[in-house]
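In listed order, ligands and their atoms are each counted from 1.
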Amino acid sequence: MPELPEVEAVRLGLSSLLTEQTIEKIIVRNEHLRWPVLPHLSKRMQGAKILEIKRRGKYILLHSTQGDLILHLGMSGRVLVCQEKRELGPHDHIDIIFKNGLILRYSDPRRFGSLIWTPNPAEKHELLSHIGPEPLTSQFNAKQSQKLAQGRKQAIKSFLMDAHIVAGIGNIYANEALFLAGIHPSTPAGKLTTNQMEILVRSCKQVLRKAIKAGGTTLKDFQNALGDPGQFSQQLYVYGQTDKPCRRCNTSIQRLTINQRASFYCPQCQNFRK
Ligand SMILES: [Zn+2]
């Protein structure tokens, strides 16, 4: 599932290729995504110019002269910008065709993703209104996080992955940030000291920045809008590294399940757990 760095990699690609471009038409081959695609979307967006492409959490927001589009990749969604008509795959559900010949193709085998049109600014849409702060802004900070964590027995890893707490951190980057902070993933969120929360918030920002720089993490088939894989998988410390030696201390990385999600940690480097 794409997390913030992967979505940001897609956004950057779309932004460089499609800003200022005008939509000629939209072909919807399968409207049954997580939320049904608006009927007559093509009519509604014909002639619309893309003004700006932004991101909020894992949502990509395409601001246009004729309303906004909200794109979510779900579990397996993928967008690719191609020049001419490529052979269609079985999961190529939507083509947005631009006047300059570029095509934004949306594919999604599991169809948990979505493309939503809204007449209002995308940021105001109900899907986005309850999302927590962007992790790379000052609104995500230790003070606020500790306030939210107070009294919580929930594992700190699940806490980080809760989009109401902070936007866009999923399984990969929660695991990695906890390793960098030296905190065991099942530590109750409310047990972290001020100092630990500060280190953890800093670690989240650090790992996300590095992953964005590397173009995200490609595990199975993530690609950015240009079809390139992300390079961050080579920098992972714990995620998917079960039984491999810790890059810091050589102890074998362990795996456990927290809230039904695979969790990875170094028993030596992440020993804090109350
Ligand atoms: Zn270690």
Side-chain angles (χ1 to χ4, degrees), residues 1-9 58 132 134-136 140-146 148-150 152-163 165-222 229-274:
M1 187 179 200
E3 300 180 37
L4 189 151
E6 292 76 49
V7 176
E8 182 62 17
K58 300 180 198 173
E134 281 295 315
L136 293 175
F140 176 54
N141 57 61
K143 203 173 163 194
Q144 187 62 17
S145 301
Q146 204 168 25
L148 292 169
Q150 212 170 33
R152 284 215 201 196
K153 293 191 177 111
Q154 177 191 36
I156 185 63
K157 180 171 168 260
S158 310
F159 178 82
L160 281 182
M161 289 171 66
D162 180 348
I165 304 289
V166 55
I169 299 182
N171 207 22
I172 299 175
Y173 301 106
N175 274 297
E176 291 297 307
L178 285 161
F179 172 81
L180 292 179
I183 297 167
H184 192 288
S186 52
T187 309
K191 295 283 184 191
L192 264 67
T193 64
T194 308
N195 189 35
Q196 282 172 325
M197 194 58 99
E198 269 167 17
I199 296 170
L200 181 58
V201 165
R202 226 166 30 232
S203 301
C204 287
K205 292 177 193 261
Q206 188 189 331
V207 71
L208 291 172
R209 278 205 191 97
K210 278 195 177 166
I212 289 172
K213 221 171 161 187
T217 302
T218 295
L219 297 170
K220 284 189 210 125
D221 56 2
F222 166 74
Q231 303 297 325
F232 194 71
S233 25
Q234 291 145 26
Q235 296 182 51
L236 295 171
Y237 281 98
V238 289
Y239 185 86
Q241 309 295 308
T242 317
D243 294 333
K244 287 188 188 154
C246 168
R247 279 160 53 195
R248 283 198 174 149
C249 76
N250 259 334
T251 306
S252 292
I253 301 298
Q254 306 286 301
R255 181 188 194 278
L256 83 165
T257 304
I258 299 173
N259 199 15
Q260 288 151 27
R261 301 301 301 270
S263 308
F264 308 88
Y265 69 102
C266 169
Q268 184 69 31
C269 297
Q270 293 167 267
N271 54 12
F272 176 83
R273 185 184 188 179
K274 264 188 184 163

#### Entry: Nearest-0.5 Å distance, CE of residue Met161 to CD1 of residue Ile169
10.0 Å

### Task
Can you label the angle between the Tyr265 ring and the His184 ring as parallel, tilted or perpendicular, going by 30° and 60°?
tilted

### Task
Quick one: list whatever passes side-chain hydrogen bond (donor to acceptor under 3.5 Å, both in side chains) with Thr257, sequence neighbours left out.
none

### Query
What protein N/O/S atoms are found closer than 2.8 Å to the Zn ion (ligand 1)?
Cys246 SG, Cys249 SG, Cys266 SG, Cys269 SG

### Task
Identify, with sequence neighbours excluded, every residue that meets side-chain contact (heavy atoms from CB on, under 4.5 Å) alongside Pro245.
Asn250

### Query
From Phe179 CZ over to Gln241 CD, what is the distance, rounded to the nearest 0.5 angstrom?
10.0 Å

Sequence neighbours excluded and cut-off under 3.5 Å, please list the side-chain donor-acceptor pairs for residues 203-216, or say none.
| unit_1 | atom_1 | unit_2 | atom_2 | d |
| --- | --- | --- | --- | --- |
| Ser203 | OG | Ile199 | O | 2.8 |
| Lys205 | NZ | Pro135 | O | 3.0 |
| Lys205 | NZ | Thr137 | O | 2.7 |
| Lys205 | NZ | Phe140 | O | 2.9 |

